2 protein chains.
Amino acid sequence: MPRRVTIVDVARRAGVSISSVSSALNDRPGVSEETRKRIVATANELGFVPSLRGRSLSGRRAFAVGLVVHRDPDVLELDPFFGGFIGGIEECIDARAYALVLQISASSDGALDRYRRLAADRRVDGVFLNELEVDDPRVGLVEELGLPAVGVNAEAGFPLPAVRQSHDEGIRALVAHLVELGHRRIAYVRGRSEFIHSVRREAAWRDAVTSTGLVPGPVVSGDFTYAGGLSAASALMGLHDRPTAVCCANDLSAMGFIAQAQHMGFDVPGDISVAGFDGIQLGTYVRPSMTTVQTSPRRIGFEAAKMLLSVIDGETEPDVRIPPAELLVRESTGPAPAEI
Amino acid sequence: MPRRVTIVDVARRAGVSISSVSSALNDRPGVSEETRKRIVATANELGFVPSLRGRSLSGRRAFAVGLVVHRDPDVLELDPFFGGFIGGIEECIDARAYALVLQISASSDGALDRYRRLAADRRVDGVFLNELEVDDPRVGLVEELGLPAVGVNAEAGFPLPAVRQSHDEGIRALVAHLVELGHRRIAYVRGRSEFIHSVRREAAWRDAVTSTGLVPGPVVSGDFTYAGGLSAASALMGLHDRPTAVCCANDLSAMGFIAQAQHMGFDVPGDISVAGFDGIQLGTYVRPSMTTVQTSPRRIGFEAAKMLLSVIDGETEPDVRIPPAELLVRESTGPAPAEI
DNA sequence: TTGAAAGCGCTACCAT
DNA sequence: ATGGTAGCGCTTTCAA
């Protein structure tokens with residue numbers, strides 16, 4: 001293993017001082033164009049790659065950002081959201097030679113410790129705050145730690161810079177679509193109410209239904225899971241005045257709902273229209289293919305990363321809005337049954 | 001933002017030299033028990049957290065390991081495997097204060113560049129080589145880069161240390177299970193043949209079938225995807241001598257297969273028994289619940305991380321074998337139909 | 001047992 | 001425009 005080429009080697013070879021090399025390579029003023037060229041050439045010739053560690057220690061930067069995923073150890077299959085989200089982050093930070101440090105915290109309280117350690121070790125220059133909860137303790141924590149952070153799909157009044165994709169328009173369009181199909185009893189399968197995006201989606205559904213003059217149908221919990229969707233269907237489809245359409249908080253629970261409804265002998269969408277939320281790949285292929293509201297995890301990741309890097313650079317960033325999630329009509333929604 | 005507490009502060013406060021502090025805090029010999037205690041106490045009192053950057057620069061360690069996930073940008077929903085795998089890695093490395101750097105490389109050739117950058121930046125001390133392909137170029141690359149690496153589910157003769165979970169026993173048990181149920185025409189839905197685990201599973205299936213004295217049934221591609229499973233079912237179930245049972249390379253394609261078979265009017269498992277591979281959560285809930293061979297991503301991640309840390313420490317590690325993947329009989333497999 | 005000091009590789013400031 | 005040099009915070013010899 002040959003010794004690493006350092007800035008000293010470049011300086012010596014180019015016949016200049018290391019400070020000139022540093023300035024030249026970082027596009028800082030104070031070097032003549034001529035010397036800069038020579039230095040760059042020498043650096044290339046020698047295959048010089050500045051040491052991240054040296055830069056980190058000196059420049060007080062980790063050149064990395066952190067994402068803490070809060071998942072139960074038992075349910076450690078990552079949400080479909082994360083693939084795109086992380087892909088978007090990467091797409092952005094890679095161009096600036098940053099890296100992503102991923103942490104998975106099994107226990108709920110453990111998550112906060114991860115942020116503390118990340119900060120104590122100065123392992124990252126900033127973090128993403130996603131899957132925000134109501135009164136999320138992380139907000140206070142990052143402030144206390146002095147850790148730059150950006151929120152993802154935060155509620156209004158969120159004290160930190162945040163990127164948001166509105167769900168309201170998509171949900172409104174979905175409800176309008178259902179109403180147009182003749183549905184009058186539209187139920188909702190909610191997610192876990194500690195998450196603000198869960199609360200927000202439900203509120204959007206309620207508003208949308210109400211604003212068409214209808215009374216919101218029954219609401220049951222679906223827990224964002226397939227199993228939750230199954231039991232939600234059992235509950236709703238057993239009702240006396242059962243709904244003719246149902247909006248689910250995410251695609252996974254919608255898939256469970258459809259499976260259980262079919263199992264109970266109902267036709268989808270003949271007897272019951274079911275819509276999901278997220279726009280996961282699978283929804284394209286299942287039968288019936290799933291009507292959903294498609295979000296943009298990749299775009300969100302990209303913008304959040306861009307924002308985080310700016311915040312790290314000390315800029316005060318205005319919030320960013322991603323174009324709203326859009327309704328995707330497929331086969332799981334159809335005309336309301338004539339009678340019931 | 002108060003200035004960070006450094007080793008100098010601790011040394012001064014404890015009335016010793018910084019080298020003594022370093023030795024004491026790292027459990028190195030050369031400090032009396034008495035001084036060590038005093039130093040530890042002072043460090044705690046001051047809330048001293050050693051700077052990762054200082055340690056990195058001096059100790060030539062990044063205290064991080066890397067995982068490059070190779071995914072198409074369009075299919076950026078992470079494989080269910082990764083959740084558990086990453087969880088296992090974390091569980092292991094967290095105890096040693098290492099962190100995981102995750103990269104997602106959109107393009108195929110880009111993946112190799114990620115390893116190069118990771119190595120050039122000395123951003124990580126080692127990497128995981130997973131989803132190994134036949135003649136995988138990464139093997140030569142990490143050797144050339146001098147980057148410590150461990151393989152995950154590598155083939156025999158793999159030149160680097162590797163952790164493996166045998167699939168053969170599970171697949172053999174699965175085939176035995178099907179044969180016992182009276183199946184004689186057992187087909188296979190393969191994954192993408194560039195992956196060695198894909199090749200390996202198919203070979204295991206073939207061996208298992210052959211060793212029971214039967215002739216292996218038809219093999220079609222399922223691409224590891226739900227959509228692939230759909231088309232595999234179209235192909236196989238349209239055959240004149242169609243199989244009565246089918247083993248799929250993974251759960252996702254099995255789900256697609258089941259959906260399409262049902263759509264074509266076949267009963268699962270009445271007309272066709274379908275088995276998956278992986279043991280993803282969803283398989284528990286779908287109808288019929290899925291017979292599968294359950295792997296241990298978390299355990300694999302844990303052992304791979306443990307091995308990688310050892311390799312980084314310069315130890316020569318023997319390969320590790322995880323207990324074999326086990327057959328999980330559920331509802332998607334049943335007695336072979338009497339006639340056809 | 002203890003401590004001084006030399007790195008590690010860079011950035012940034014201050015002379016020249 | 002250039003170069004010298006003092007950090008950054010730690011580990012690791014090597015003397016004392």
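Being a predicted model, the structure only gives us computed values, none of them experimental.
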(message) Please determine whether side-chain contact (heavy atoms from CB on, under 4.5 Å) holds for the pair A:Ile312 and A:Arg61, giving the CA-CA distance in whole Å, both sets of side-chain angles, and the decisive distance to 0.1 Å.
(response) CA-CA 9 Å; A:Ile312 289 169; A:Arg61 284 277 186 104; 4.0 Å; yes

(message) Mind checking if B:Arg53 touches a base, just sugar-phosphate, or nothing, with heavy atoms under 4.0 Å?
(response) nothing

(message) With nearest nucleotide decided by heavy atoms, which residue, A:Arg28 or B:Gly59, maps closer to the 5′ end of DNA chain C?
(response) B:Gly59

(message) Parallel, tilted or perpendicular: which one describes the rings of A:Phe82 and A:Phe85, with boundaries at 30° and 60°?
(response) perpendicular

(request) Have a look at B:Ser56 and say if it touches a base, only the backbone sugar-phosphate, or nothing, with a 4.0 Å heavy-atom cut-off. (result) nothing

(request) Given side-chain contact (heavy atoms from CB on, under 4.5 Å), test A:Arg60 with B:Arg53 step by step and report yes or no. (result) CA-CA 9 Å; A:Arg60 307 148 169 296; B:Arg53 294 173 194 170; 4.1 Å; yes

(request) Let me know which of A:Thr42, A:Asn26, A:Ile7 forms a side-chain contact (heavy atoms from CB on, under 4.5 Å) with A:Val21. (result) A:Ile7

(message) Side chains of A:Leu309 and A:Cys92, heavy atoms from C-beta outward: is any pair under 4.5 Å?
(response) yes

(message) Under a 3.5 Å distance rule, please check whether B:Gln165 uses its side chain to pair with a backbone N or O of B:Ser296 as donor and acceptor.
(response) yes

(request) Give one of base, sugar-phosphate or nothing for B:Ser19, where a contact means two heavy atoms less than 4.0 Å apart. (result) base

(message) Tell me whether A:Arg164 contacts the main-chain N or O of A:Ala154 through its side chain, where contact means a donor paired with an acceptor under 3.5 Å.
(response) yes

(message) Need two values: the first and the last nucleotide of DNA chain C, 5' to 3', having an atom under 4.0 Å from any heavy-atom of chain A.
(response) C:dG9 to C:dA12

Please table the atom pairs, donor to acceptor, closer than 3.5 Å between any side-chain atom in residues 128-135 of chain A and protein atoms at least two apart or in another chain.
from     : atom 1 : to      : atom 2 : distance (Å)
A:Glu131 : OE1    : A:Arg71 : NH2    : 2.8
A:Glu131 : OE2    : A:Arg71 : NH2    : 2.6

(request) Check every strand shown and say whether B:Pro50 touches a base, only sugar-phosphate, or nothing at a heavy-atom separation below 4.0 Å. (result) sugar-phosphate

(request) State which residues pass side chain to side chain donor-acceptor pair (under 3.5 Å) with B:Arg192; sequence neighbours excluded, sorted by chain then number. (result) B:Glu194

(request) Answer with base, sugar-phosphate or nothing: what part of the nucleic acid does B:Ser32 contact at a heavy-atom distance below 4.0 Å? (result) sugar-phosphate

(request) Kindly say whether B:Thr6 contributes a backbone atom to a donor-acceptor pair with the side chain of B:Asp9 at under 3.5 angstrom? (result) yes

(message) Using five pairs at each end of the helix from C:dT1-D:dA16 to C:dT16-D:dA1 to define an axis, what is the angle between those two axes, to 10°?
(response) 50°

(request) Assign B:Ser22 to base, sugar-phosphate, or nothing according to its heavy-atom contacts below 4.0 angstrom with the strands shown. (result) base

(request) Assign each of B:Leu57 and B:Ser20 to its nearest nucleotide of DNA chain C by heavy atoms, then name whichever residue's nucleotide is nearer the 5' end. (result) B:Ser20

(message) Going 5' to 3' along DNA chain D, between which two nucleotides do contacts with chain A fall, using a heavy-atom cut-off of 4.0 Å?
(response) D:dA1 to D:dG9

(message) Taking side chain to side chain contact (heavy atoms under 4.5 Å, CB included) as the definition, give me every residue that meets it alongside A:Asp113, ordered by chain and number, with sequence neighbours left out.
(response) A:Arg116

(request) For B:Thr35, answer base if it contacts any base atom (sugar-phosphate contacts may also be present), sugar-phosphate if it contacts only those atoms, and nothing otherwise; contact means non-hydrogen atoms under 4.0 Å. (result) sugar-phosphate

